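Below is one structure; the comments refer to it alone.
Quick note on labels: first sequence line is chain A, next is B, and so on, each numbered from 1. Nothing here was measured: the structure is a model prediction, and the numbers come from that model. Quick note: numbers below take in every heavy atom, side chains included, and nothing from hydrogens, waters or symmetry partners.
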There are 2 protein chains.
Amino acid sequence: MSKSNNVYKDAYNRCLRLLDETRSLPSEPELGALLGVSRTTVRSILARMEETGLIAWNKRAKTVLRDPHPDDFFPEEETDTLAEIIERSFMRRLLAGGAEAGMQINELELAREIGVGTTSVREFLIRFSRFGLIEKRRNSHWVLKGFTRAFALELTEIREMFELRSAAAFAALPQDSPVWTDLDRLEDEHRQLVRDIATRFNEFSELDERFHRLIHRASHNRFIVDFYDVIAMIFHYHYQWNKAQERERNEVAVGEHLAYIEALKSRDLGKVDAACRKHLKSARQTLLTSIPENRQPSRA
Amino acid sequence: MSKSNNVYKDAYNRCLRLLDETRSLPSEPELGALLGVSRTTVRSILARMEETGLIAWNKRAKTVLRDPHPDDFFPEEETDTLAEIIERSFMRRLLAGGAEAGMQINELELAREIGVGTTSVREFLIRFSRFGLIEKRRNSHWVLKGFTRAFALELTEIREMFELRSAAAFAALPQDSPVWTDLDRLEDEHRQLVRDIATRFNEFSELDERFHRLIHRASHNRFIVDFYDVIAMIFHYHYQWNKAQERERNEVAVGEHLAYIEALKSRDLGKVDAACRKHLKSARQTLLTSIPENRQPSRA
DNA sequence: TTAATGTCTTTTATCGTGAAAAAACATTTT
DNA sequence: AAAATGTTTTTTCACGATAAAAGACATTAA
């Protein structure tokens, strides 16, 4: 079992959804581009679709024979990357308590527990280390630094520096820049969300990420843009596990976003700065209140 | 050849240097702490030293019998980590021209060329990716983003943000903080270097790194501290390969450092800001002039 | 003669394996 | 009994091997 075929399975599932829309599928290279996979994978997909009677396939002709049935799909969990599986397991352990700062992380144990090879775990930990939550001891174990108040403060400090700068850069962008239409579109989505906030409040986190990424991109600085990955990761898990007053919090945040968007559109740097600061302050507050500070810092 | 014993060889060499100073070696745990290795490695070292007649070893008694001879040492190149070897090879390729932005990086080819396994190369590339010079295409190759003018500008932009903030934090540190003695010591080293600048100018780069790391540490922010790794890496290779007016450049920089140190000691935020800005500006200039901008950016 | 399909080759992702190094446990010495 | 040494176990590091996926080349259809 040296490599799972999750790329194929995931692409297959997405391809099934395309079947509803058309009577026949496009050329192999086109399908590949559409699904983001190579022709090799496309051909495996087509081969299986032919086998299961979904399509008739003869060279260029790929005619849809029937609508896909629920059990034509591969199970969702088989479409995940190993990296996703490892990340989830790791974060579950990390957030499920008992993960004290200073605790050591054992690659072999993690690998056995998750049921994967050590190499994948090692690679995951190396990638994960840039989030600042773990640290490597040369030739030895990893050390958990813990999801502490200090971490949240350090994270938000950088976030605020970067976002204030990005927001200023955004507001200074020429009127004909395509970002303004992106912003309009996001504003619309925000207004729609406000309207149905009672039922759709949980859609906020995804919108939040897209909004902030748009702003950060205006910095034209890869380090700023990349840093948003750290924020996104933390907020992603934070949203999943801190459900207290979720609706209220999100409603407030959407309001702040709208004010922020107004400020950006005014292109008045003072207003932008104020709106940005206000939103980031409440975002920080939300994050901080969700961290149970049950330990004293070990250094004075 | 599944794992080289470079840890042992490097520690052995360092242990040989200890032999000059004492007539007998300390306990195994103490030696381990001193050399930064485990007792297992210490015991291998002692075993070999006994074998080669350097010491007489009987339980606690580890008497030095003779001074180490040059060829008691393992060759320097056998003491490097695989990661160091790979980094050097990779950077050589990257700086040796012909490394156009957009070029793709092949793990297998790199591994074959350097003569190591693919896993080590993969892990190196993952670690290296945080420097912002390469990027991974999912399920496919890495792409070289190139050591371009844009890269240098993005890097220095962040550096300046971080260092201005750290310097301000530094100046605000209480008088009894140990950093002030560290600063005094560094100031001394700078003064000594100024005196002998004609011959010792090449020692600047190491001093430079220690100085800036001291300042960044005052931020008490892991993201700021960690970012200095990116700067240090770039400047490390930059110093190695841009030798034009090295003496003059370093002389100027030492002077700027001294002014910067004075400003910090004055604890006058205005002066600190000015001195920091001035030095960072010239550091940026130095970096920029060393980048041959022979390509037009591909996007308008 | 361009763009697709068919076929073959190369590279990436992942595992199991084994030596180096660390860590844990047991025993002795002071 | 505290701290060293001696011994055993566990973990990390690095490799080669193999299936999945990508990519390159050859062939055929429009």
Side-chain angles (χ1 to χ4, degrees), chain A residues 1-11 26-32 35-47 57-62 81-83 85-86 104-112 115-126 136-142, chain B residues 1-11 26-32 35-47 57-62 81-83 85-86 104-112 115-126 136-142:
Chain A
M1 197 253 279
S2 68
K3 194 185 182 183
S4 90
N5 53 355
N6 66 80
V7 172
Y8 156 72
K9 287 178 177 171
D10 180 55
S27 76
E28 294 171 13
E30 246 175 296
L31 254 179
L35 298 167
V37 296
S38 72
R39 255 189 71 218
T40 308
T41 305
V42 167
R43 295 184 113 242
S44 313
I45 292 170
L46 292 173
W57 182 27
N58 186 352
K59 316 230 160 148
R60 314 196 169 206
K62 308 174 194 79
T81 20
L82 238 204
I85 294 167
I86 296 173
Q104 62 188 64
I105 297 162
N106 186 318
E107 290 176 4
L108 200 61
E109 188 189 315
L110 256 181
R112 273 194 296 245
V116 298
T118 52
T119 316
S120 314
V121 170
R122 278 173 69 77
E123 286 180 7
F124 164 76
L125 290 172
I126 295 169
K136 177 110 185 94
R137 290 290 135 83
R138 254 299 212 83
N139 277 310
S140 178
H141 54 263
W142 291 82
Chain B
M1 199 252 281
S2 68
K3 195 185 182 183
S4 90
N5 53 354
N6 65 81
V7 173
Y8 157 72
K9 287 178 177 172
D10 180 54
S27 75
E28 293 171 13
E30 245 175 296
L31 256 179
L35 297 168
V37 296
S38 73
R39 255 188 71 218
T40 308
T41 305
V42 167
R43 286 172 69 85
S44 313
I45 291 170
L46 291 173
W57 181 27
N58 185 348
K59 313 224 162 155
R60 303 187 183 216
K62 309 174 194 80
T81 348
L82 237 205
I85 294 167
I86 296 172
Q104 61 189 66
I105 297 162
N106 185 318
E107 290 176 3
L108 200 60
E109 188 189 314
L110 254 181
R112 272 194 296 243
V116 297
T118 51
T119 315
S120 315
V121 169
R122 276 172 71 76
E123 287 180 6
F124 164 76
L125 291 172
I126 295 169
K136 177 111 183 92
R137 289 290 136 82
R138 236 343 188 64
N139 279 309
S140 178
H141 54 264
W142 291 83

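Using a 4.0 Å heavy-atom criterion, one finds that B:K136 contacts the sugar-phosphate atoms exclusively. Nucleic acid contact class of B:T119 (heavy atoms, under 4.0 Å, all strands): base.
The side chain of A:S120 places an N or O atom within less than 4.0 Å of a non-bridging phosphate oxygen (OP1 or OP2) of C:dC15. Between B:R122 and the phosphate of C:dA13, there is a side-chain N or O to OP1/OP2 separation shorter than 4.0 Å. Contact check, A:R138 against C:dA21: no side-chain N or O comes under 4.0 Å of OP1 or OP2. Proximity of A:H141 to the phosphate of C:dA23: a side-chain N or O atom is located under 4.0 Å from OP1 or OP2. For C:dA20, neither phosphate oxygen OP1 nor OP2 lies less than 4.0 angstrom from any side-chain nitrogen or oxygen of B:K9. An OP1 or OP2 oxygen of C:dA22 is reached within less than 4.0 angstrom by a side-chain nitrogen or oxygen of B:T41.
Distances from the side chain of A:R43 to the nucleotides D:dC15, D:dA21, C:dG6 place C:dG6 closest. Residue A:P29 has its side chain nearest to C:dA4 when only C:dT12, C:dA4, D:dC15 are considered. Side-chain atoms of A:N106 lie closest to D:dT12 of the nucleotides C:dT5, D:dT12, C:dC15.
Between A:W142 and A:Q104, the side chains place no donor N or O within less than 3.5 Å of an acceptor N or O (distance only, hydrogens not considered).
Taking the side chain as every heavy atom from C-beta outward, B:L31 and B:L46 approach each other to under 4.5 Å. Annotation: side chain of A:R39 is in contact with side chain of A:P29 (closest heavy-atom distance under 4.5 Å). Annotation: side chain of B:K3 is not in contact with side chain of B:L82 (no heavy-atom distance under 4.5 Å). Within the 4.5 Å cutoff, the side chain of B:D10 has no heavy atoms near those of the B:T81 side chain.
Between A:N139 and A:T81, it is A:T81 whose nearest contact on DNA chain C lies nearer the 5' terminus. Along DNA chain C, the nucleotide nearest A:Q104 and the nucleotide nearest A:A83 are compared for position; the residue whose nucleotide lies closer to the 5' end is A:A83. Sequence order on DNA chain D of the closest nucleotides to A:N6 and A:I105 puts A:I105 first from the 5' end. Judged by closest nucleotide on DNA chain D, A:R137 is the one of A:G36 and A:R137 placed further toward the 5' end.
Shown here are the side chain to side chain contact (heavy atoms under 4.5 Å, CB included) partners of B:R137, two or more places apart in sequence or in another chain: B:E135, B:S140, B:H141, B:V143.
Judged by atom type and distance alone, A:T40 reaches the base of D:dA22 through a side-chain donor-acceptor pair under 3.5 Å. Between the side chain of A:S2 and the base of D:dT18, at least one donor-acceptor pair of N or O atoms lies under 3.5 Å. Side-chain atoms of A:T118 and base atoms of C:dG16 include no donor and acceptor less than 3.5 Å apart.
A donor-acceptor pair under 3.5 Å is formed between the side chain of A:N106 and the backbone N or O of A:E109.
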If the sugar-phosphate is the primed atoms plus P, OP1 and OP2 and the base is the rest, what is the B/S/- string for nucleotides 25-30 of chain C, using protein heavy atoms under 4.0 Å?
----B-
